[in-house]
Structures are given as C-alpha cells and as structure tokens.
Protein chains: 2
Amino acid sequence: MNDRKQHVIKKAHQLFIEKGFQATSIQDILDFSGISKGTFYKYFSSKSELLIAIYKTTFKQLQKERNDLLIGKSPSDIEIFIKQVEMQMISNRKNKLIALYEEVMSTNDADLKHYIRFTRLRSLRWMFSRFIDIFGEKNKPYLLDCAIMFQGIMQHNLQYNRLATDSNEKISSVVRYSVSRLVKLVEEVAEADEQLHPPELLEKWLPGLQKNNHELIDRFYKIVNPMRNCIPKHFQDKNAQEKYHELLDFIQEEIMHTRAPRKFLIESALQTLQNNPADIWKKELLQLNQIINAFFQQLEENEEEEH
Amino acid sequence: MNDRKQHVIKKAHQLFIEKGFQATSIQDILDFSGISKGTFYKYFSSKSELLIAIYKTTFKQLQKERNDLLIGKSPSDIEIFIKQVEMQMISNRKNKLIALYEEVMSTNDADLKHYIRFTRLRSLRWMFSRFIDIFGEKNKPYLLDCAIMFQGIMQHNLQYNRLATDSNEKISSVVRYSVSRLVKLVEEVAEADEQLHPPELLEKWLPGLQKNNHELIDRFYKIVNPMRNCIPKHFQDKNAQEKYHELLDFIQEEIMHTRAPRKFLIESALQTLQNNPADIWKKELLQLNQIINAFFQQLEENEEEEH
DNA sequence: AAAGTGTTTAAACAGGGGGTATAAAATATG
DNA sequence: CATATTTTATACCCCCTGTTTAAACACTTT
C-alpha cells in the first residue's frame, strides 16, 4: 500500500482517538496530515472508508500478535488465552476501538455498520474456536453462549474498572478475574445443560467465511502450530528438526508477509514436508494445501478487482 | 409540564426510534410534530436537551412500573426481580434506549454524555441494591461486581438473541437464562472470595444521590413496601388493615403523583400511623419522615430554580 | 369590545460539515 | 526536454444546527 496513504491513515487514527470520529472533520485530517482534499478523495471515497482502512490495519496487527503468542504453545493452555485476551484489550483501549465501534453504529452509513457487525462476529467466532481448544469438543454446545457472555463480562468489567482507576496496569487483573469467572461459568452451564444459542448460528451469521483472508490466516496457524509442536517428538536428529522448522517458517513467512508469494517455492516446500521419513502430517498437509490454494485464489480475485 | 411540549417529546421519540438520533434532523421533528422552529427552541435549548427530556419521561414511567411490581411482594423473591428485569428489557427494546445511549456517547455534547453516564450508574446502583435484597448483606462485597457482570451478560445475550431471532417473545427466556447464570455466579464468586470493585465505589461515582428525586422515590418504596407486607401479621381486624393500607396508599399517591403534595395532610397521616396500637414501624416511620422532608426540600429548590 | 400581553409562526441568516469539480502547480517518467 | 500523472487550491453544491426578526395569533384585563 502507498506510503503516503498509510501516513494519512495513521494521522487520521490519531485524530479519531483524540477527538472521536464524528467530531473530526475531513478538514482536520487534511490539515493534520498535510494533504489536500483532492488527494484524500483519491485515496478514500469517504470518511467511512478511511475508518474501515484504519480498522483493517489495526486488526491485521492484532491478528499477527495474537497468533504469534500461540507459536510453540499448546492451544489448550488457558494461560496463552489469557495473554491473548490481555493483548487484545490493551490494543482495544489504546486504539479506542470500542468507542469507535459504538460511534459508528449510530451513523447512517450502512456499509460501515455492516463491516462493524462483521468484525464483532468474527471476534466472537475466534473466541468460540479458542474455547473449543480450551474446554474441549464435549462442551461445544454451550461455548457460543459462553463466548457471548464472556465478551459481555470482559467489556463491562473493563469499562467500570476504567471508571474506578484510570490506569492501564489493572487490565491484567481484570482479565484474570474475568477468565476465572469464565472457567466456572463453562462448568456450570454444561452441568445445567442449558443452551441459549446453538453454535450453528455462527455459520448462519458468517456464511462463506472459510474463503475470507483473515479466516484463512487463522486456520493456517491452527494447523501449522500443532505441526511445529510435534517436530521434536518425531525427529531425534537436531538437523532434521531444524530443517522442518525452517520449512514451516518459510511457508508462513511467504504467505503472511510477502506481497506476491512464490507459489512454486511453497509447493516445493510442502512436497519436502510430505516426504518426511516419519510419514506423519498427512491430514495436516492436505488441509494446508487446501488453505494455500484458497489463499492464492483469493489473491487473484483481489488483483482482478484492482484492474 | 406543557401538553404541547409533551406532544413534541412523544413525536420526537417516535422519530428517534425509527431513524436514530443523529439521523433525525430538527426539521424532521418540526414537520412531524407540527410546530415551528421558534417554538422548538423555546421548549428545548437544543436537540440534546430534547433527548434528555425523552429519557426523563421514559425513566419515570419505568421506575413507576418497576416499583409497582414490588408492592405486596417480598424484595428477596427472585421471581419479582426477574419480572422487573424483563419489564425493563422490553421497555429498553421498545424505546431503543440502548441504541440511543450508545449513539449519544459519540456526540460532543458533554452534558448529554454526563447525563447518560449518570443514568447508567443509577441503573447499576438499583441492581446492586436489589442484589442485596436477594442475596443478602453477607454477599455485599461481591455484589457490585455481580451487578456489573450481570448487566454485561444480559446485554450481550439479548443483543445476539435479537440477531438470531428477531422476535420479542424470547426476551423472557433470555432473562431467565441470564438470571440462572447470575445465581451461580454469586455463589461462585463469594466462594472464591474474589473482588474486583469494592461496593464503596458506587458512592464515589454517585455522590449525594440521597438527595436526588428518583433515588428518594426508590428509597420510599423500599420502606413502604415492607410496611404494607406486615400489616396482616400485626392487625387481625379487617377494618384496621384496610385503614393502614389506605393511609399508606394516600401518602404514596400524594408524594408520587401530585404536583403539589399537601404537606400537613401527609404529616397527619404519618401521625395516625405512628399511633397504631401494635406500636410497630417506629424505625420505618422515622426514615419515612426523613425522606418526605428531603422530598419537600427538593421541591422548594426546584421552585426557586423556575423563578 | 378594545388594548395589551405573551406565544407561535415563517422566513431569512450565519457558520460549518461532507462531497464534487476543475484549473493550476508540482512531480515523475520516457 | 516533453509528456503524463499526481497533487494542490479553490470554488461550489446541498444539508445540518442554531439565531434572529417581524408579523400573526390567542388570551386576559379593563
């Protein structure tokens, strides 16, 4: 993306954090970022679209950090989840995302509203899938409810905590407190066998999300991380271990952070992984292949849009 | 209050419900309620103040209904609490209060924001005091946290429930589900002995609320209702029972719904209550006297403001 | 019934916002 | 150097909130 455009996004975000979305006029943004009105409307078709661009960049950042916390760790480890939530809450507060969400819901802009709704549902879906990691498939019927309630608990606890003590240091303890409640809540609701929202609703709310970019990245991590974790178990040779780590690193780096990933190199790496002497990862590599294909397909579609 | 003004408030609320606060222009309100701009600005100094007027009337209504549900019932009965919450949630949805709250928080109007914050804290305080009724003084240290979390749980459950099924019929089951979780939550958090927010915070957040009108009315009910409930126990004579009910009814009616309550009549009624042969209600009547005095004092202050 | 009082109306006005169009200036590309 | 593209500055449109003003209206007092 254009450097200058990125600069405008940054400056505008700064203004939105300080003054709010509505209270910041386009003129303010022009003055603060030192561009002209013409350029602004060349980059963004409206103020709303600028806001969406801000969301997208901050979300990308958050997603990367969130997934990096999982590398080499067990997805069922609740301490990792706590770290992830904590990181997310700090990011939310720093970027005033919640306030901006709420502000947006009161605009007339249907697209913007739709995007926010989508974002929140995606966040809910992430939490749901993490809950399955942590609390197991057997609790699945209750975990959508738990995700909904946990988000409510977190949000309200943080909100009033902010009113009580205006420091950011306490976020950690609020998260720990809320997660403690969550653990008992899951137990309790499974015991009582009460369900308010069946998890199938998520697919109704987010149809065709499998093809979405962010979703693909999350699924990618979900497969690659366990593969990483079981390398030491299957290969005693230090060199072999390093080799497979390098291969996975390479694929991840190429997919995540390269504008134009080199398809053949990735395929070659996948082939090498497949030929491992321990003959493991058959299922994983199949899924990985699917994801990477979907990823390239999506990349092509994006290019078509640009021309 | 002026009939015409009340009419404008009603029509404007209707528009706000349909289109939202920001999306409704003052011109829309003028057209829809059939008044001119001059009149509008005679009634309300701004659109924000009109919104506050809307809040005040709907809150008054809600408070009345909420307290009426308690008459003759035990405050510790959780079924009554469920009915109260249900009623509140239906009112919230019908009047789109939550959406309007959120919308307002994104305006620049400091007064409006302040008022909303005050309203939410008052609602939290009400819930906290009801929790003490229900779960007992012994759980008090944890009940502010529980009130905060319960509000979060309620709000999120309702929000997603609305997304799933667009009907209002389900509100009842969502409330029941949420209250079930609440009961276990209180148990659990008391057992674990974990506290996030000490209840004293409420007094810091809502200083001098004892003098506030709404608060006085709530405290009034809190004292009168138990008095009502113990009439049959202390007086066997049907006539005596009816007499004391009538006296309490009279005071309540005079305080609640009369523009200019007749002070001497109320004092006389209080005196008669005090002379009851069973010689009960000493403490209650003392408190009642305090409240009524505060009430009249506030009434005088309001009159001074008007002149 | 007439005069005087306050209330309501209609209309014009100011100031500011988002978004569009266009001609001139600056910058990049061959 | 010449051409093509991007960027700028500015004027313009329409809509919004909030103020002001003079005229029309209603209602009380005499």
Side-chain angles (χ1 to χ4, degrees), chain A residues 1-16 18-55 100 103-116 306-307, chain B residues 1-16 18-54 100 103-113 115-116 306-307:
Chain A
M1 196 185 290
N2 191 341
D3 240 24
R4 204 171 157 82
K5 187 171 172 180
Q6 206 59 45
H7 172 250
V8 176
I9 289 177
K10 205 174 152 188
K11 288 292 194 177
H13 192 178
Q14 204 177 324
L15 281 178
F16 290 166
E18 284 165 17
K19 304 176 35 174
F21 176 66
Q22 320 233 25
T24 304
S25 74
I26 290 184
Q27 194 55 51
D28 292 338
I29 299 169
L30 304 184
D31 296 343
F32 193 56
S33 61
I35 60 163
S36 75
K37 216 166 186 179
T39 313
F40 181 91
Y41 279 100
K42 192 168 165 56
Y43 291 155
F44 315 101
S45 67
S46 69
K47 205 167 84 166
S48 304
E49 205 170 277
L50 163 61
L51 186 58
I52 291 183
I54 291 175
Y55 283 141
L100 286 175
E103 196 163 348
V104 159
M105 289 315 282
S106 68
T107 15
N108 267 340
D109 194 315
D111 283 355
L112 200 46
K113 272 185 183 170
H114 194 266
Y115 180 77
I116 296 297
E306 279 169 22
H307 300 317
Chain B
M1 197 185 290
N2 192 341
D3 243 21
R4 203 172 158 82
K5 186 170 173 181
Q6 206 59 42
H7 173 251
V8 176
I9 289 178
K10 205 175 153 187
K11 287 292 195 178
H13 191 180
Q14 206 175 325
L15 282 179
F16 289 166
E18 283 165 17
K19 305 177 33 175
F21 176 65
Q22 320 235 23
T24 304
S25 75
I26 290 184
Q27 193 56 53
D28 292 337
I29 299 169
L30 304 184
D31 297 342
F32 193 57
S33 60
I35 60 162
S36 74
K37 215 166 185 178
T39 314
F40 181 91
Y41 279 100
K42 191 168 167 56
Y43 291 154
F44 316 101
S45 68
S46 69
K47 207 167 80 165
S48 303
E49 205 170 279
L50 162 61
L51 187 58
I52 290 184
I54 291 175
L100 286 176
E103 197 162 346
V104 159
M105 289 315 282
S106 68
T107 11
N108 266 341
D109 195 314
D111 283 354
L112 200 46
K113 273 185 183 170
Y115 182 77
I116 296 296
E306 279 169 22
H307 301 316

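Letters A, B, ... are given to chains in the order of the sequence lines, protein chains preceding strands, and every chain is numbered from 1. Computed over heavy atoms, backbone and side chain alike; hydrogens, waters and symmetry mates excluded.
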Inset, instruction - Check the angle between the aromatic planes of A:Tyr115 and A:Tyr55 and answer parallel, tilted or perpendicular using the 30° and 60° thresholds. - result: parallel
Under 4.0 Å between any heavy atoms, over every strand shown, what does [X] touch: base, sugar-phosphate, or nothing? Just pick one.
{"X": "B:Tyr43", "value": "sugar-phosphate"}
{"X": "A:Lys47", "value": "sugar-phosphate"}
{"X": "B:Thr24", "value": "sugar-phosphate"}

Inset, instruction - Choose from D:dT7, D:dT8, D:dT17 the nucleotide whose nearest atom is closest to any side-chain atom of A:Lys42. - result: D:dT7
Legend entry - Residues that A:Ser36 engages under side chain to side chain contact (heavy atoms under 4.5 Å, CB included), provided they are two or more places apart: A:Thr39
Whether [X] contacts [N] is assessed here as follows: a side-chain N or O lying under 4.0 Å from the phosphate OP1 or OP2. Is that the case?
{"X": "A:Thr39", "N": "D:dT6", "value": "no"}
{"X": "A:Arg4", "N": "D:dT8", "value": "yes"}
{"X": "B:Ser36", "N": "C:dT9", "value": "yes"}

Nearest-Å distance for atom pair [atom1]/[atom2], residues [X] and [N]:
{"X": "A:Tyr41", "N": "C:dG18", "atom1": "OH", "atom2": "C1'", "result": "5 Å"}
{"X": "B:Leu112", "N": "D:dT17", "atom1": "CG", "atom2": "P", "result": "14 Å"}
{"X": "B:Lys37", "N": "D:dA22", "atom1": "NZ", "atom2": "C1'", "result": "17 Å"}
{"X": "A:Ile29", "N": "C:dG18", "atom1": "CD1", "atom2": "C1'", "result": "11 Å"}
{"X": "A:Ile26", "N": "C:dG18", "atom1": "CD1", "atom2": "P", "result": "5 Å"}
{"X": "A:Lys5", "N": "D:dT6", "atom1": "NZ", "atom2": "C1'", "result": "15 Å"}
{"X": "B:Lys19", "N": "D:dC16", "atom1": "NZ", "atom2": "P", "result": "8 Å"}
{"X": "A:Asp31", "N": "D:dA9", "atom1": "CG", "atom2": "P", "result": "10 Å"}

Legend entry - Backbone of B:Thr24 reached by a side-chain donor or acceptor of B:Lys47 within 3.5 Å: yes
Inset, instruction - Could you walk me through whether B:Glu49 and B:Tyr43 pass the side-chain contact (heavy atoms from CB on, under 4.5 Å) test, one step at a time? - result: CA-CA 9 Å; B:Glu49 205 170 279; B:Tyr43 291 154; over 6 Å; no
Inset, instruction - Could you pick out which residue, A:Phe21 or A:Gly38, lies toward the 5' side of DNA chain C when each is mapped onto its nearest nucleotide? - result: A:Phe21
Inset, instruction - Could you tell me which non-hydrogen atom of A:Asp28 sits nearest to which non-hydrogen atom of A:Ala23, and how far apart they are? - result: OD2-O, 3.9 Å
